[in-house]
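Here the structure comes first, spelled out in structure tokens, and everything after it is commentary.
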Amino acid sequence: MAGIELKNIQKKYSVENRVINVLNGINLQIPRESITVILGRSGCGKTTLLRIVGGLEDADAGEMECDVEHKTTFVFQESRLMPWLNVWDNVKFGLKKQECDKMVIQSIIDTVGLHGFEKAYPNQLSGGMQQRTAIARALAYNPSFIMMDEPFAALDYFTREQMQKELIRLQRDRGVSILFVTHSIDEALLLGHKIVVIEGGQIKAEFMLKADNKERNLLEPEFIELKKNIIERLDL
Amino acid sequence: MKRTISRISPFIGILIVFGTWFVVSRIEIFSPYVLPTPEKVLSSFSKMLQSGEIFVDIAISFGRVLKGFLIAFVLAFALGTFRILVPAAEKYYEYILQFFRNVPPLSMIPLLILWCGIGEVTKTVIIVLASFFPMYLNIVKGFTGCDKCLLEVGDAFGYTQFEKFTHIVLPYALADILVGMRIGMGYSWRAIIGAEMVAASTGLGHMILLAQQMSRTDKVIVGIFVIGIVGLVTDKLFGIVIKKLFKGTGENGWN
Ligand SMILES: Nc1ncnc2c1ncn2[C@@H]1O[C@H](COP(=O)(O)OP(=O)(O)OP(=O)(O)O)[C@@H](O)[C@H]1O
Ligand SMILES: [Mg+2]
């Protein structure tokens with residue numbers, strides 16, 4: 001169960017002479033080889049927390065402990081593709097020359113449903129396609145720990161569902177650890193092994209989900225109960 | 001219909017200029033010494049073409065421009081890169097650069113002649129001085145303007161500082177670098193003509209000066225035309241090369 005441990009992480013920003021305490025002492029355990037979902041309203045500091053875990057930002061205080069070396073990567077809230085590279089080259093952006101396996105890259109592009117768009121440039125893609133390219137880029141890197149910041153927000157219901165399934169399958173097959181940010185409670189319930197609710201810069205609640213995330217039915221009483229529970233916590 | 005109009009409209013402007021010139025010189029408001037007729041200019045031009053002297057001058061000026069331009073580009077690129085890799089160093093040379101940016105290269109000619117003689121070195125230095133700054137400033141602008149979000153992608157995929165430079169900063173800055181090169185090329189042309197009028201015995205600038213001294217206004221005008229046309233052609237060629245080099249990306253709005 002060991003993985004990454006956050007202890008009393010604090011972060012403040014000052015905007016126009018006003019100090020915003022974004023994170024007020026976050027204590028969190030991110031278990032290995034499972035999906036940890038961070039849930040919270042817009043502006044509650046989810047992205048900030050992710051950036052700190054991913055090392056893109058330094059915390060003002062607190063500690064972070066890792067039990068093993070991870071090969072980490074990010075799926076940003078925005079797609080952040082290189083505008084001068086086509087889909088294919090964007091997907092292999094994280095790979096060294098000798099690591100490039102055409103078959104693998106093609107299969108990843110197919111997985112995210114971008115077959116036939118390999119030669120397209122980012123500004124020729126829809127927002128959702130750009131986001132899927134960014135997801136493919138992270139997957140091609142073959143990381144052991146992925147941080148995903150609302151990666152499916154720009155997708156329609158069906159594509160989103162398909163991508164969620166793919167993510168679950170991938171996480172299982174490769175045993176990656178995933179830290180997943182969303183503001184959709186349903187998405188959290190579908191994917192998460194662990195769900196963390198953030199509010200006011202602190203962790204309001206944590207839920208461990210035992211049910212296999214391969215075949216969850218959110219209409220089952222167990223999940224309805226959980227959803228009510230989470231909504232209550234978010235309301236506080 | 002609209003297409004043909006837009007295709008011939010540049011020529012209409014040219015036609016009007018030549019037409020006015022033709023009429024004004026025909027009714028002889030000015031003496032033919034001040035304003036030679038278009039026919040006179042054209043015939044001198046064709047004579048110069050036939051004798052080939054004009055090509056020699058063009059080739060010489062062009063060669064000088066190319067040499068100075070390349071040196072300036074290498075310098076600007078190297079210094080621009082250095083400026084990015086060692087940001088703290090900028091403080092040390094910032095004012096010196098700003099100083100030289102505001103000194104017209106032609107004002108340095110007396111000094112340069114004193115130091116380097118009237119040989120090729122002086123002219124090369126003039127061109128380097130003229131074209132270095134637009135290139136350097138654009139290169140730095142391209143490098144420093146790099147989107148932080150894209151640099152973070154490099155961090156997210158474990159790029160080293162050097163890899164981030166070659167894979168993100170450089171391609172991002174490409175558009176600015178090319179604009180700088182284009183402007184630099186234009187400045188080089190301006191500078192070399194000036195330099196050749198003061199300190200040379202060959203080249204287009206010298207040809208114009210010589211024509212003036214021999215009261216051949218028609219030849220002066222030919223020289224001006226040739227400079228304009230050569231500059232225009234170089235700029236167009238530059239544009240074509242840029243398009244060819246960055247075909248895929250250029251067509252996709254990244255330019
Ligand atoms: N670089 C920054 N400078 C100043 N303030 C910042 C910065 N980044 C984030 N903030 C502030 O921190 C707070 C949390 O931002 P964050 O991006 O983490 O929210 P979020 O939970 O990801 O929201 P969303 O769901 O809308 O993406 C916001 O109030 C924001 O204004
Ligand atoms: Mg966010």
Side-chain angles (χ1 to χ4, degrees), chain A residues 47 50-58 69-97 99-100 117-125 130 133-149 151 179, chain B residues 77 80-81 84 87-88 135 138-182 238-255:
Chain A
T47 299
L50 214 60
R51 290 172 59 83
I52 289 172
V53 175
L56 295 177
E57 198 109 36
D58 288 325
E69 272 286 297
H70 283 295
K71 187 177 179 187
T72 61
T73 195
F74 240 95
V75 177
F76 294 92
Q77 197 162 356
E78 323 82 43
S79 58
R80 301 198 183 181
L81 302 174
M82 303 299 142
W84 57 88
L85 297 179
N86 60 25
V87 167
W88 181 278
D89 291 332
N90 260 302
V91 169
K92 66 181 189 121
F93 185 77
L95 301 176
K96 300 260 183 300
K97 264 216 176 70
E99 296 171 335
C100 275
F117 287 92
E118 292 85 356
K119 294 254 146 55
Y121 286 87
N123 64 352
Q124 297 172 318
L125 302 174
Q130 291 175 14
T133 310
I135 294 167
R137 175 174 68 186
L139 299 183
Y141 188 57
N142 204 8
S144 56
F145 181 38
I146 318 181
M147 277 149 283
M148 306 180 97
D149 199 348
L179 186 59
Chain B
F77 193 84
T81 310
I84 292 312
M135 291 200 270
N138 270 284
I139 287 170
V140 167
K141 172 177 163 251
F143 284 172
T144 51
C146 191
D147 192 346
K148 290 232 169 48
C149 290
L150 294 185
L151 285 174
E152 273 184 7
V153 176
D155 293 330
F157 288 96
Y159 273 39
T160 60
Q161 208 64 23
F162 181 72
E163 284 170 327
K164 276 197 280 183
F165 179 76
T166 55
H167 287 71
I168 304 172
V169 176
L170 205 53
Y172 194 93
L174 210 54
D176 280 319
I177 294 176
L178 290 171
V179 168
M181 288 175 80
R182 217 165 166 172
F238 221 93
I240 292 171
V241 170
I242 290 174
K243 256 215 178 114
K244 271 260 147 57
L245 266 180
F246 308 102
K247 203 169 149 215
T249 51
E251 276 170 2
N252 290 287
W254 182 256
N255 219 330

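Basis for what follows: all heavy atoms, side chains included, without hydrogens, waters or symmetry-related copies. All chains are named by letter (A, B, ...) in the order of the sequence lines, taking the proteins before the strands, and each is independently numbered beginning at 1.
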With only heavy atoms counted, which part of [X] is less than 4.5 Å from chain B, the side chain, the backbone, both or neither?
| X | value |
| --- | --- |
| A/Lys96 | side chain |
| A/Arg51 | side chain |
| A/Thr73 | both |
| A/Leu95 | neither |

Nearest 0.5 angstrom please: [X] [atom1] to [Y] [atom2], how far?
| X | Y | atom1 | atom2 | answer |
| --- | --- | --- | --- | --- |
| B/His167 | A/Leu85 | NE2 | CG | 9.0 Å |
| B/Cys149 | A/Leu56 | SG | CG | 10.5 Å |
| B/Leu170 | A/Trp84 | CG | CH2 | 9.5 Å |
| B/Glu152 | A/Glu57 | CD | CD | 7.5 Å |
| B/Ile168 | A/Met82 | CD1 | CE | 4.5 Å |

Task: Any A/Phe74 side-chain heavy atom under 4.5 Å of B/Phe157 side chain - done: no

Task: Side chain proximity check, B/Asp147 to A/Arg80, heavy atoms < 4.5 angstrom - done: no

Task: Closest heavy-atom pair and its distance - B/Leu150, A/Pro83 - done: CD1-CD, 4.0 Å

TODO: Give the ring-plane orientation class for A/Phe93 versus B/Tyr159, where under 30° counts as parallel, over 60° as perpendicular and anything between as tilted.
DONE: parallel

TODO: Please say whether more than 12 non-hydrogen atoms of neighbouring residues, nucleotides or ligands are located less than 6.0 Å from NZ in A/Lys71.
DONE: yes

